[in-house]
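Note on naming: letters A, B, ... go to the chains in the order of the sequence lines (proteins, then strands), and numbering restarts at 1 for each one. Scope of the values below: all heavy atoms of this structure, side chains included, with no hydrogens, waters or symmetry mates.
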2 protein chains.
Amino acid sequence: MKRATIYSIAEVCGVSASTVSRAFSRPEVVNPEVRELIHAKARELGYRPNKAARELATGRTGMIGLLVHDVANPFFPPLVRAIQRAADEMEAAVMLVDADESSAREVGLIKQLKGQVDGLVIASPRSSSALQEAAEGLPAVVVNRRMRGFPSVVCDNTAALTEAGRHLEDLGHRKVALMCGPSASWAARQRAATVRAWAQGTRVTLVELGSFAATFEGGREAARALVGSGATAAFAFDDLMACGVLSGLAEAGVQVPGGCSVVGCDDVLLARAVTPQLTTVTAPVDRLGRAAVDALRRCIAGEQVRDVRMDGSLTLRGSTGRPA
Amino acid sequence: MKRATIYSIAEVCGVSASTVSRAFSRPEVVNPEVRELIHAKARELGYRPNKAARELATGRTGMIGLLVHDVANPFFPPLVRAIQRAADEMEAAVMLVDADESSAREVGLIKQLKGQVDGLVIASPRSSSALQEAAEGLPAVVVNRRMRGFPSVVCDNTAALTEAGRHLEDLGHRKVALMCGPSASWAARQRAATVRAWAQGTRVTLVELGSFAATFEGGREAARALVGSGATAAFAFDDLMACGVLSGLAEAGVQVPGGCSVVGCDDVLLARAVTPQLTTVTAPVDRLGRAAVDALRRCIAGEQVRDVRMDGSLTLRGSTGRPA
DNA sequence: TTGAAAGCGCTAACAC
DNA sequence: GTGTTAGCGCTTTCAA
């Protein structure tokens, strides 16, 4: 009682194995009647093509790798889900690998992945030339950062962050803190640059704090720096940090938004789960994931792929308000 | 300039391909000198065994599937990470598939996975006979629930929840709410049963609310029910729900823990990110993941595998205190 | 439109 | 210890 193969089907249908193969891979070239017969029998026998055999013959695995910096960071799971869905639609399976926050592991993982996947989506905020080198020869796209040598799919937060700045200014804030993320992070640099650019030519004084780790703890640390800064509002690098800031401020007895307003970035689940809920920049995660897979598909097909950028949007919630 | 194969190495070394194959798969049976030569040349040529070929020959893929109900639920990412690490150590790759919270999708996914993986870790809170049927013939273990027909690795929260109950009683609570999770969830039933059992024979009156969705929103809904209940403390099904409860209580103007204490379960990242931080039952996620992979390995090897249970532990934080 | 046949890279008897 | 050989299941020329 073995699994059905093209041979067993061929036998049942009285045709050759190659015809069965073609009935699936290039249906249009086989006689419609024969094709239908083959499909019918295949279904009946529960035929499922053997991926390994196909891979061995074609060199294609039907899998795409997804390298994430740290699955436990709340930004990633929705992205993983989105990528998975998109891959699903193109009949590809996703092999997830978590770099465990270690850039060193990343290059090892990529090398392992090579030959196991047809292409790679890199969702890692840090760059490294070692990483580029490791991915050499493997079609790959980078998501949520730009990186030399790879097509990228990024969320552009410029407009939304600028809007957030104006929002703070409108509320009457005149001294705003910028709590920077890790300088190795592309997104952190981008966001910081955006906020600085916005502050130019406004009546707002920008106080730069940090950098801090892009973690909850990093945010608590940032809060301690924030308390003495005199700022009445603050941009956190991301929502995770922003939540840490909320926690730190609460501990210091500072009301939010009365004593200090806080703006996050990404709009992860967490952002809605804290009190007050975070004003933040919402990233179009589903679209990012879909675009990444799509770009990768084209990479694999050998097409030239252009960078994709899509805008984040400002989402106002309870963590911003008038200074007391 | 093609990739090295056992043949190219064989040629360079002046031995047969089988010897090269053996030098890797069963090194002890080949002449040490020859073996070293082969390994040296292999390294030099950058040889990486072709997984597809091996799979085709052996029938083993070297991959394990990981079916999660919803990666975006904060409970899962750390588990995914742990499983991944453990799999890594046994040279297996993890294929993650997200059921997108749909039990129906789960069975489809399992069928797809079949033949692509050597075994399956099922991390899904809902049972279904369809699921069992789908996994028929595929070595599989279930994590964080028990399920007929599969070995399971679960966190037993009985002791810790009971301890939490005593803690509340000691603090002076006499009316405690139990906010039940989805009745389809094994964990929800377990936890509810534990809390009920604890309440028996104490001076505490238990008020059962729900069931509610195991989501943040479900928690907010639960909070509305909680407010009118007269309870001064509440067990939430899990941390996510507990966070929703905090949010709902804040909205209703109820202080935590002064107006109402809240106990969560799982100790996800979120639990520490909210204010006040949640008193909760900490699950040994890393050990759960490791045990699951280990059990699966043995399943695949054909060994008889027994259920594994490990205890959760009570973690006291700010969300519990004396009733005002 | 179909079939025969070679081959993808590796493993696993089996014989030496 | 080592080589020979026969597959694993599929794709893909090439002929018919």
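- By the 4.0 Å N-to-carboxylate-O rule, B:D70 lies close enough to A:R81 to be salt-bridged with it.
- Annotation: side chain of B:R48 is not in contact with side chain of A:K114 (no heavy-atom distance under 4.5 Å).
- Note on the helix from C:dT1-D:dA16 to C:dC16-D:dG1: angle between the axes of the first and last five pairs equals 30°, rounded to 10 degrees.
- In summary, the side chains of A:T61 and A:Q116 do not present any donor paired with an acceptor at a separation below 3.5 Å, with no hydrogens or angles considered.
- Between B:E28 and B:R35, no side-chain nitrogen of the basic residue sits less than 4.0 Å from a carboxylate oxygen of the acidic one, so the salt-bridge criterion is not met.
- A salt bridge between A:D88 and B:R105 is present, with a side-chain N of the basic residue lying under 4.0 Å from a carboxylate O of the acidic one.
- Counting only N and O atoms by type, the side chains of A:T19 and A:S16 include a donor and acceptor under 3.5 Å apart.
- If you check residues 34-41 of chain A against DNA chain D, you find no residue with a heavy atom closer than 4.0 Å.
- Closest approach of A:C299 to A:P139, counting heavy atoms only: CB-CB, 4.1 Å.
- A salt bridge links B:R298 to B:D294: one of the charged nitrogens lies within less than 4.0 Å of a carboxylate oxygen.
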Restricting both atoms to N or O, compile the protein contacts to nucleotides 9-12 of chain D shorter than 3.5 Å, with distance only.
{"from": "D:dG9", "atom 1": "N2", "to": "A:A53", "atom 2": "O", "distance (Å)": "3.2"}
{"from": "D:dC10", "atom 1": "OP1", "to": "A:Y47", "atom 2": "OH", "distance (Å)": "2.7"}
{"from": "D:dC10", "atom 1": "OP1", "to": "A:N50", "atom 2": "N", "distance (Å)": "3.2"}
{"from": "D:dC10", "atom 1": "OP2", "to": "A:I6", "atom 2": "N", "distance (Å)": "2.7"}
{"from": "D:dC10", "atom 1": "N4", "to": "A:Y7", "atom 2": "OH", "distance (Å)": "2.8"}
{"from": "D:dT11", "atom 1": "OP1", "to": "A:R54", "atom 2": "NE", "distance (Å)": "2.8"}
{"from": "D:dT11", "atom 1": "OP1", "to": "A:R54", "atom 2": "NH2", "distance (Å)": "3.3"}
{"from": "D:dT11", "atom 1": "OP2", "to": "A:S21", "atom 2": "OG", "distance (Å)": "2.6"}

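- No salt bridge links B:R297 with B:D118; every basic N to acidic carboxylate O contact stays at or beyond 4.0 Å.
- Contact between the side-chain N/O atoms of A:S16 and the OP1/OP2 oxygens of C:dT2 is not found at any separation under 4.0 Å.
- At distances below 3.5 Å, at least one donor-acceptor pair connects side-chain atoms of B:H39 with backbone N or O atoms of B:A23.
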